[in-house]
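Heads up: the structure comes next, in structure tokens.
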Protein chains: 2
Amino acid sequence: MTAAQGEGQLKYQRIADALKAAIASGEYGPGDRLPGENELMVTYQVARMTARQALGVLRSEGIAEARKGAGVFVRTFQLRRRRGIQRLARDRWAAGHSVWDADLEAGHELVVDSLTVREEAVSDRHTQTLGLSPGSRAVVRTRRFVVNEKPVLLAVSHLPASLAAGTAIAEEDSGPGGIYARLAELGHGPARFREEIRCRMPTTAEARQLRLSSGTPVVLICRTAYTAEGRAVEVNEMTLDASSYILEYDFNA
Amino acid sequence: MTAAQGEGQLKYQRIADALKAAIASGEYGPGDRLPGENELMVTYQVARMTARQALGVLRSEGIAEARKGAGVFVRTFQLRRRRGIQRLARDRWAAGHSVWDADLEAGHELVVDSLTVREEAVSDRHTQTLGLSPGSRAVVRTRRFVVNEKPVLLAVSHLPASLAAGTAIAEEDSGPGGIYARLAELGHGPARFREEIRCRMPTTAEARQLRLSSGTPVVLICRTAYTAEGRAVEVNEMTLDASSYILEYDFNA
DNA sequence: CAGTGGTCTAGACCACAAG
DNA sequence: TTGTGGTCTAGACCACTGG
């Protein structure tokens with residue numbers, strides 16, 4: 001016998017299933033160390049690459065994560081709730097609260113880790129949504145948010161330079177209530193939002209920036225802010241660690 | 001030399017990057033066949049497992065998909081837009097329209113593939129959200145939706161048996177406007193909804209039911225319907241092929 | 001230091017798909 | 001029938017982690 005298990009069960013799949021069952025039964029809890037490659041080789045009498053492939057199943061399903069030199073561990077999840085609609089209520093930012101305060105949770109504060117503001121030519125993808133002419137410029141605010149040192153979210157916000165350049169929006173500290181409060185002061189306060197949500201596996205760059213362990217997808221939220229007149233004044237593209245977030249939308253029938 | 005690339009670049013990573021670059025440059029378009037394991041072995045002078053690992057990177061990122069006996073191909077995506085809020089407007093189901101009609105797109109119709117209705121003891125997870133006492137029963141409607149033969153969505157809906165048993169809700173065909181119209185006729189029409197969205201890699205069962213290629217996450221939407229009095233009358237748990245969907249939420253500031 | 005996972009090689013047989 | 005990817009073996013050196 002080499003391949004072809006006859007039993008209709010692949011070796012690595014059998015091992016993976018056994019490990020999953022042991023986790024489901026509580027034999028291994030979050031953070032616990034699983035049997036390593038060497039141990040699986042002995043107990044199941046398989047080659048290294050087979051034991052490895054079994055553990056690979058758990059990793060690619062996001063159930064386990066490997067730490068080099070240490071072992072393979074059951075992953076721990078700490079979900080963060082993001083209230084999609086309440087967080088953007090006019091009352092909030094008009095009163096000087098940050099939109100991000102809605103994500104506050106005791107002991108797990110959301111903190112800006114890095115922030116850059118620059119002005120650049122608007123990308124093709126945004127010219128249409130922002131209703132700009134090609135070649136015009138945009139103010140771009142890039143931020144990374146961390147919780148307990150762990151990065152969980154990247155946000156890149158685009159605004160027409162014709163609106164934002166020279167205002168507090170183009171400053172690192174955009175002031176109380178953030179850019180929405182500033183836009184309102186300029187007579188372009190957002191009245192309506194659209195959030196588009198997609199989900200996929202991360203690029204290697206995203207995995208690095210968010211320090212994602214393999215088997216963790218990213219959630220992409222693209223939010224467009226519109227004035228009451230229907231003009232798009234901001235496009236905010238966010239990239240979230242999917243294992244850190246649960247998104248919530250409340251609305252009426 | 002065996003491992004340890006000196007160059008700071010792993011072999012498989014170098015190959016994977018080259019393939020990604022070729023795809024990004026348009027050299028390989030959606031549906032095109034990529035160089036296979038054998039070809040990579042020759043052009044990069046590596047062992048089979050190394051070429052394989054390189055292709056594994058693209059697969060796990062959802063960029064490519066392998067077809068046994070045929071080759072490795074650049075994946076094609078066909079996104080479907082799901083309007084989270086408009087689809088549930090009372091006007092719609094009160095007028096006899098199905099909630100799912102909102103997902104209509106020319107030539108890519110959403111069709112129910114399989115449907116079962118059963119009554120069972122309510123699961124622990126739902127007793128609280130539905131405000132039921134432990135041990136009480138629920139009507140459970142399970143459906144699978146396909147687009148052009150391809151399954152894209154699983155939906156499992158739970159309703160208190162005390163409300164739904166013996167009504168059209170417990171029938172396979174719940175009638176015009178669906179279960180929300182029926183609930184309204186019973187004096188428990190939904191007035192408010194909450195959708196919770198999570199994203200993760202699929203279980204093997206989910207991957208099989210949705211025929212997911214590896215590197216494709218699933219989106220979990222858990223929708224709870226509340227009456228005007230605040231009573232939860234339905235919990236609907238949906239599992240979506242993430243590569244088939246873009247979720248949209250429109251709302252006011 | 002011993003043990004871990006990460007990478008790599010050089011073979012092998014199999015099931016499947018396409019020409 | 002030929003070539004493909006899927007699985008498997010039995011070795012190897014490396015970087016990293018932990019005690």
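Chain letters run A, B, ... following the sequence lines, proteins first, then strands; residues in each count from 1.
The CZ atom of B:R67 sits 11 Å away from the C1' atom of C:dA17 (whole-angstrom rounding). What separates CZ of B:R48 from C1' of D:dA10 is a distance of 17 Å, to the nearest Å. What separates CZ of B:F73 from P of C:dC16 is a distance of 17 Å, to the nearest Å. Across the protein-nucleic acid pair, B:Y44 atom OH and C:dC8 atom P stand 14 Å apart, rounded to whole Å. Rounded to an integer number of Å, the gap from CE of B:M49 to C1' of D:dG6 is 10 Å. Between the CD atom of B:E37 and the P atom of C:dA10 there is a distance of 16 Å, given to the nearest Å. Atom-to-atom, CG of B:L34 to P of D:dG3 comes out at 20 Å; the value is rounded to the nearest Å. Per the geometry, CG belonging to B:L10 stands 12 Å off P belonging to D:dA15, to the nearest Å.
When distances run from any side-chain atom of B:R52 to the nucleotides C:dT7, D:dT7, D:dC8, the shortest one goes to D:dT7. With distances taken from any side-chain atom of A:V46 to the nucleotides D:dT9, C:dT9, D:dG5, the minimum falls on D:dT9. Proximity note for A:R33 (side chain, C-beta onward) versus C:dT7, C:dG5, C:dT9: the nearest is C:dG5.
Considering only side-chain N and O atoms, A:N38 lies nowhere under 4.0 angstrom from the phosphate OP1 or OP2 of C:dG3. Regarding contacts with the backbone of D:dT9, a side-chain N or O of A:T50 is found under 4.0 angstrom from either OP1 or OP2. Within the 4.0 Å cut-off from OP1 or OP2 of C:dT7, at least one side-chain nitrogen or oxygen of B:Y12 is found.
Closest-nucleotide positions on DNA chain D for A:Q53 and A:K68 were compared, and the one nearer the 5' end corresponds to A:Q53. Both A:A70 and B:Q13 lie near DNA chain C, and the one whose nearest nucleotide falls closer to the 5' end is A:A70.
More than 12 heavy atoms of other residues, nucleotides or ligands shown are found within 6.0 angstrom of CZ on A:R75.
Residues B:H158 and B:E234 fail the side-chain proximity criterion, which asks for heavy atoms closer than 4.5 Å.
Ion pairing of B:E206 with B:R200 is present here, as a side-chain N (NZ or NE/NH1/NH2) and a carboxylate O approach within less than 4.0 Å.
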Please lay out, stage by stage, how A:E195 and A:R82 fare under the test salt bridge (charged side-chain N to carboxylate O under 4.0 Å, His left out). CA-CA 13 Å; A:E195 293 197 339; A:R82 175 187 186 273; 3.1 Å; yes
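Side-chain N/O atoms of A:R59 and base N/O atoms of C:dG5 include no donor-acceptor pair closer than 3.5 Å.
Of the residues A:V218, A:L153, A:V219, A:I221, the one that meets the side-chain contact (heavy atoms from CB on, under 4.5 Å) test with A:Y245 is A:L153.
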